[in-house]
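Worksheet: one structure, shown below.
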Amino acid sequence: MRPDAACRALLGCLCLALYCLSAAFRFSSDTHEWKKLIMVQHWPETVCEEIKNDCRDPPNYWTIHGLWPDKSEECNRSWPFNLEEIKDLLPEMKTYWPDLIHPSPNRSRFWKHEWEKHGTCAAQVDVLNSQKKYFGKSLALYQKLDLNSVLLKLGIKPSINYYHVRDFEDALTRVYGVIPKIQCLPPRQGEDAQTVGQIELCLTKEDQQLRNCSEPEELLPPTREAWLARAAQSRGLRVCEDGPVFYPPPKKSKR
Ligand SMILES: *[C@@H]1O[C@H](CO)[C@@H](O)[C@H](O)[C@H]1NC(C)=O
Ligand SMILES: *[C@@H]1O[C@H](CO)[C@@H](O)[C@H](O)[C@H]1NC(C)=O
Ligand SMILES: *[C@@H]1O[C@H](CO)[C@@H](O)[C@H](O)[C@H]1NC(C)=O
């Protein structure tokens, strides 16, 4: 090989190596990138049903499940949950963000989970970059969106008579001006309707304004893996199918 050819070959290798390195780097920094926030609220009666938990007197209003950045989880394992930081928020947290799965004595387990899994990612934006801000902003958004009053005002209340999924969709789209994602538990054996369980409203990353949950170009169904991952993550809830839906009234307590 002539010296200039050897030189060119070496240069070629170097370029390739640099290219690979930059691709790898881009990949690793992309894994915690996210584009939107999802305000997730759930219907306690359905959550209790889903986990077969003998919830005692679950709230008869929609409560917060979490404020989730899409596409990223557990962004900073060295940022532990600290209940002290949200002391001031506890009365509101207990009312609007209760742990339906593990009720008292230790309600903070759910908040710890939400912080570690989602909050540490949300903290990429300044308005959410502390535990106080993350939980405080979530509570503020819950109040602002006021899902409970919106549904009541539109005449959608828990009932033994079925609604149609479109009743929820149309009503929420009309009020919020964006398309929500409504999730249901599929009918169990012997049941003839799915049960509404969770409502997701999406917000912009930059200024937490309402936006559609899907991009126009995202109307294609998700990949099967993504769908399975999500189904597992949300314990059996899935996007409601077009059709009748049960909005279960809270059972009377047995006390
Ligand atoms: C993770 O959180 C810790 C504690 O707040 C902080 O000091 C550190 O900079 C964070 N790391 C990243 C990559 O954001
Ligand atoms: C409650 O949970 C928090 C966070 O998981 C933990 O730090 C605390 O020790 C727990 N308290 C009790 C009484 O179990
Ligand atoms: C939301 O989606 C609907 C239906 O696809 C569309 O008409 C509307 O313009 C979208 N809104 C925004 C803010 O993108």
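Counting starts at 1 for both ligands and their atoms, in listed order. These values consider heavy atoms only, across backbone and side chains, with no hydrogens, waters or symmetry-generated copies.
Under a 3.5 Å cut-off, the side chain of Gln124 and the backbone N or O of Trp34 do not form any donor-acceptor pair. One N or O on the side chain of Lys133 and one on the backbone of Asp126 form a donor-acceptor pair closer than 3.5 Å.
Distance check, rounded to the nearest 0.5 Å: CG of Leu203 to CE of Met39 gives 8.0 Å.
Every atom of ligand 1 with a heavy atom of Ser78 under 4.0 Å away is listed here by number and element: 2 (O), 3 (C), 4 (C).
A salt bridge links Glu84 and Lys87; the closest N-O separation between the charged side-chain nitrogens and carboxylate oxygens is under 4.0 Å.
Proximity of atom 14 (O) of ligand 1 to the protein is indicated by at least one non-hydrogen atom lying closer than 4.0 angstrom.
For the pair Ile179 and ligand 3, a heavy-atom separation below 4.0 Å is found.
Considering only non-hydrogen protein atoms, atom 12 (C) of ligand 1 sits nearest to Asn76 ND2, 3.4 Å.
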